[in-house]
Amino acid sequence: MEKHFTLPYEGGLIEKNLPAGILHNYEKIWTHVYADSDPASCAIADMIVDAIKAKKDGLFRLGLTTGSTPKTLYEELTRRNKAGEVSFKNVEVVSIDEYYPFDRNTPQSRNHRIHEALLDKVDILKENIHIPDGTVPPEKVTDFCNEFDAIARGLDLLVMGIGEQGQVGFNEAGSNEKTRTRVVRLSYGSRKRQSKNFNHDMATTPDKAITVGISTMLSAKKIVLMAWGEDKAAAVKAIAEGPLDINCPASLLQSHDHISFYVDETAASLLTRSEAPWLVGPCDWTPKFVRKAVVWLCQTTGKPILKLTEKDYLNNNLSELLEKVGSFDKINIDVFNDLQHTITGWPGGKPNADDSTRPVSAKPFPKTVLIFSPHPDDDVISMGGTFIRLASQGHDVHVAYETSGNVAVHDDVVLQHMDCAFQLGFADKFDEVKKLVESKVPGQPEPRALLEMKGAIRRSEARGAVRSFGLNDNTNAHFLNLPFYESGGIKKNPRTQADVDIIKKLMNDLKPDMIFMAGDLADPHGTHRVCTEAALEALEQLKAEGAAWTATTHVWLYRGAWMEWELGRVDMAVPLSPDEVIKKRHAIYRHLSQKDIVPFPGEDSREFWQRAEERTSNTARLYDLLGMAEYQAIEVFLKLY
């Protein structure tokens, strides 16, 4: 399994020797937190394998789901089966959902996906596989659902991922604890999310599905839920700690006597034990963790840092902080100074200045700066203002676009570009390209010729944004086109050494003093995370190979358009003037193919520039509320090393 990067340890709950009842005090479903999806999947695989081996009589009845969440689990189960550690010959698998009406042989079908991910790779008997049939005629589907419900009841173990709004299977908001296997109508939001598997074409995205109901799920002898990535954090908190709520269907499983939740650290980030661990038990009070607690206290009391009193600390369960660290007024002053020192208008370091309290050293100057952008617009969306500062302050700034981003360009955008070329007197390729578009098959990779056009469109947009900052788009913009991305569809190829080698070459050519990378911690198989892990692997290999420049380079992590670093983690905060905010917005505008497209993830209908501005202005507001100077906007960064 690939190594997934995690954030540096910065203090937190001391779980060693902490009684389970205290650790899980706030959780209605006990939650097991792992560094990333790999060890969590191994733990679930252990449970499944042990349960299969313990079954002495009859078939072991296992309920499973599809999607990206169980990917690492299925890989681990396949590995163990191939290694002879477990056999599936005495296992009966029940898959819990399927689109309706839908052909089981279509690549997007749940039937096809679970066979591809697991069932075709292990020694399970075909007669022991049960998957809802999306081809049942409408007049027979109710009877079919009743028959399938009988099959799906009383499973020995049911293992499921959860959706961003707390869905399990295709049980949407409004599903109650009495629901059985049935046909459901998918909400617009669910269809929008599912459309990524249908070339983002809502017309071909199913609007109905067959799903096992909540009542059927509750009949299982044991239930295991899984969630990876910070985009699932809100759902994890609602499911594990929130009330029973039909608008979060998985929360209804709280009533089960034998249920557990397996999550990675990022999916667990909003649980009380992660968000405010001092409410749970003893903590390791590192400087960053002290800052996290003080920021939380300010937000809880509505006070700036320097107005916090000893009573505020005592009334909010922070007496241990006072005992371990010192008096409240000293803590206030130390945290205020610490946070104030994160703010800098010189993200590359201020030349000829005392840098003892600045986040970036003054030397060398100018610095060679390398910005990694997973897609051809993440650089300007996520850190456009800092990009502007670095370029205007004389640093040698380079941006590396790691993937082509071609699948995010709509077909009509390509046709519009072809028409523009014709209107300008160039070759008339409109009809030819239109036929290419019409030749697309839903669920299949797009024609390579069409993808090349889409990649060219995105490159031209990125070059335009770089020029707007005064940089040479020929020498300072690098298009890496990492192979893992070039599958032609939403499902990407595995990351390989070929991806890492491309990054290593660029790094070695530039020998950067500062490297900026995307720090988004969503699904471990998401493009942002894959790109960052490839870049970190490249840097680690270069260090191991003795590249001298790596000893003094520093890596900074930025966030995307929809999430921001919590202030307790921030190492550098770059304030933006109103004019810089506008200039950043105009750079985002250069990416015309991405305008008027609802960004992923979530259902926020605002465009990227709107979300980015809201994010940075909110960060400035938070600094202001803590007692810092008031700014128009602030971009913040975490120093990885």
Side-chain angles (χ1 to χ4, degrees), residues 107-108 186 188-207 373-381 401-424 426-465 479 481 485-492 526-528 560-562 585-612:
Q108 300 100 323
L186 301 179
Y188 174 81
S190 289
R191 292 186 66 225
K192 190 71 178 178
R193 287 188 293 273
Q194 295 297 324
S195 71
K196 67 183 180 182
N197 299 315
F198 296 86
N199 296 325
H200 294 282
D201 183 2
M202 291 289 284
T204 60
T205 302
D207 62 357
S373 182
H375 300 95
D377 56 359
D378 290 312
D379 55 332
V380 291
I381 290 171
Y401 300 103
E402 292 164 286
T403 72
S404 65
N406 49 24
V407 295
V409 178
H410 285 194
D411 297 333
D412 59 348
V413 173
V414 180
L415 293 173
Q416 182 173 321
H417 277 74
M418 292 300 104
D419 185 48
C420 178
F422 172 61
Q423 298 300 327
L424 289 170
F426 299 104
D428 183 3
K429 297 286 186 179
F430 185 88
D431 290 339
E432 179 183 330
V433 175
K434 186 176 180 183
K435 288 181 181 178
L436 195 61
V437 169
E438 291 170 348
S439 72
K440 290 169 53 175
V441 178
Q444 296 294 325
E446 294 194 27
R448 177 49 53 182
L450 182 59
L451 289 171
E452 292 296 338
M453 296 178 203
K454 293 182 174 183
I457 289 170
R458 298 216 67 181
R459 286 195 300 274
S460 69
E461 293 170 344
R463 287 164 63 91
F479 298 92
N481 294 319
Y485 187 87
E486 297 303 316
S487 64
I490 297 300
K491 184 179 179 181
K492 303 307 179 189
T527 298
H528 279 216
W562 42 81
R585 183 193 304 174
H586 287 168
I588 297 173
Y589 282 171
R590 302 293 177 122
H591 296 271
L592 292 173
S593 69
Q594 304 305 293
K595 276 188 58 61
D596 305 316
I597 296 175
V598 177
F600 177 83
E603 300 178 31
D604 192 329
S605 62
R606 294 174 298 166
E607 293 182 37
F608 283 119
W609 71 267
Q610 294 171 309
R611 299 177 75 164

Practice prompt. Find the distance between NE2 (H586) and CH2 (W609) and round it off to the nearest 0.5 Å.
Written response: 9.5 Å
Item to complete: Under the ring-ring contact (aromatic ring centres under 6.0 Å, His included) rule, collect the residues that match up with H528, sequence neighbours excluded.
Response: H375
Item to complete: Starting from the C-alpha separation in whole Å, work towards a yes-or-no answer on salt bridge (Lys or Arg N to Asp or Glu O under 4.0 Å) for R448 and E486.
Response: CA-CA 9 Å; R448 177 49 53 182; E486 297 303 316; 3.0 Å; yes
Worksheet item: Sequence neighbours excluded, which residues qualify as salt bridge (charged side-chain N to carboxylate O under 4.0 Å, His left out) partners of R590?
Response: none
Worksheet, complete the sentence: Sorted by chain and residue number, the salt bridge (charged side-chain N to carboxylate O under 4.0 Å, His left out) partners of R463 (sequence neighbours excluded) come out as D473
Item to complete: Nearest 0.5 Å please: distance from the CG atom of L451 over to the NZ atom of K454.
Response: 6.5 Å
Discussion item. Which residues pass the ring-ring contact (aromatic ring centres under 6.0 Å, His included) test with F479, not counting sequence neighbours?
Written reply: Y401
Fill in: Whether over 12 other heavy atoms sit under 6.0 Å from Q194 CD
yes
Worksheet, complete the sentence: One should read off an interatomic distance between S404 OG and E452 CD, to the nearest 0.5 angstrom, of 8.0 Å
Practice prompt. Under the side-chain contact (heavy atoms from CB on, under 4.5 Å) rule, collect the residues that match up with V413, sequence neighbours excluded.
Written response: V409, H410, H417, I457, S593
Worksheet item: Residues two or more places apart in sequence or in another chain: which of them pass side-chain hydrogen bond (donor to acceptor under 3.5 Å, both in side chains) with D419?
Response: Q423
Worksheet item: Looking at CG of D379 and CD of E402, how far apart are the two atoms once the value is rounded to the nearest 0.5 Å?
Response: 10.5 Å
Worksheet, complete the sentence: Smallest heavy-atom separation, P376 atom then G405 atom, equals CD-CA, 4.0 Å
Response to the item:
Residue set satisfying side-chain hydrogen bond (donor to acceptor under 3.5 Å, both in side chains) with T403, at least two apart, ordered chain then number -> none
Worksheet item: Which residues pass the salt bridge (charged side-chain N to carboxylate O under 4.0 Å, His left out) test with D207, sequence neighbours left out?
Response: R185
Discussion item. What's the separation between atom CD in E446 and atom CE in M453, rounded to the nearest 0.5 Å?
Written reply: 11.5 Å
Fill in: Residues in salt bridge (charged side-chain N to carboxylate O under 4.0 Å, His left out) contact with D378, at least two apart in sequence or another chain
none
Practice prompt. Could you walk me through whether K192 and Y188 pass side chain to side chain contact (heavy atoms under 4.5 Å, CB included), step by step?
Written response: CA-CA 6 Å; K192 190 71 178 178; Y188 174 81; 3.9 Å; yes
Fill in: Q108: partners by side-chain hydrogen bond (donor to acceptor under 3.5 Å, both in side chains), with sequence neighbours left out
none
For residues 433-443, please give each side-chain donor-acceptor pair under 3.5 Å, one per line with the distance, not counting sequence neighbours.
unit_1, atom_1, unit_2, atom_2, d
S439, OG, L436, O, 2.6
K440, NZ, D411, OD1, 3.1
K440, NZ, D411, OD2, 2.7

Item to complete: Report the residues that fulfil side-chain hydrogen bond (donor to acceptor under 3.5 Å, both in side chains) with D377, sequence neighbours left out, ordered by chain and then residue number.
Response: R458
Item to complete: Indicate the atoms forming the closest heavy-atom contact of A465 with H591, along with that distance.
Response: CB-NE2, 3.9 Å
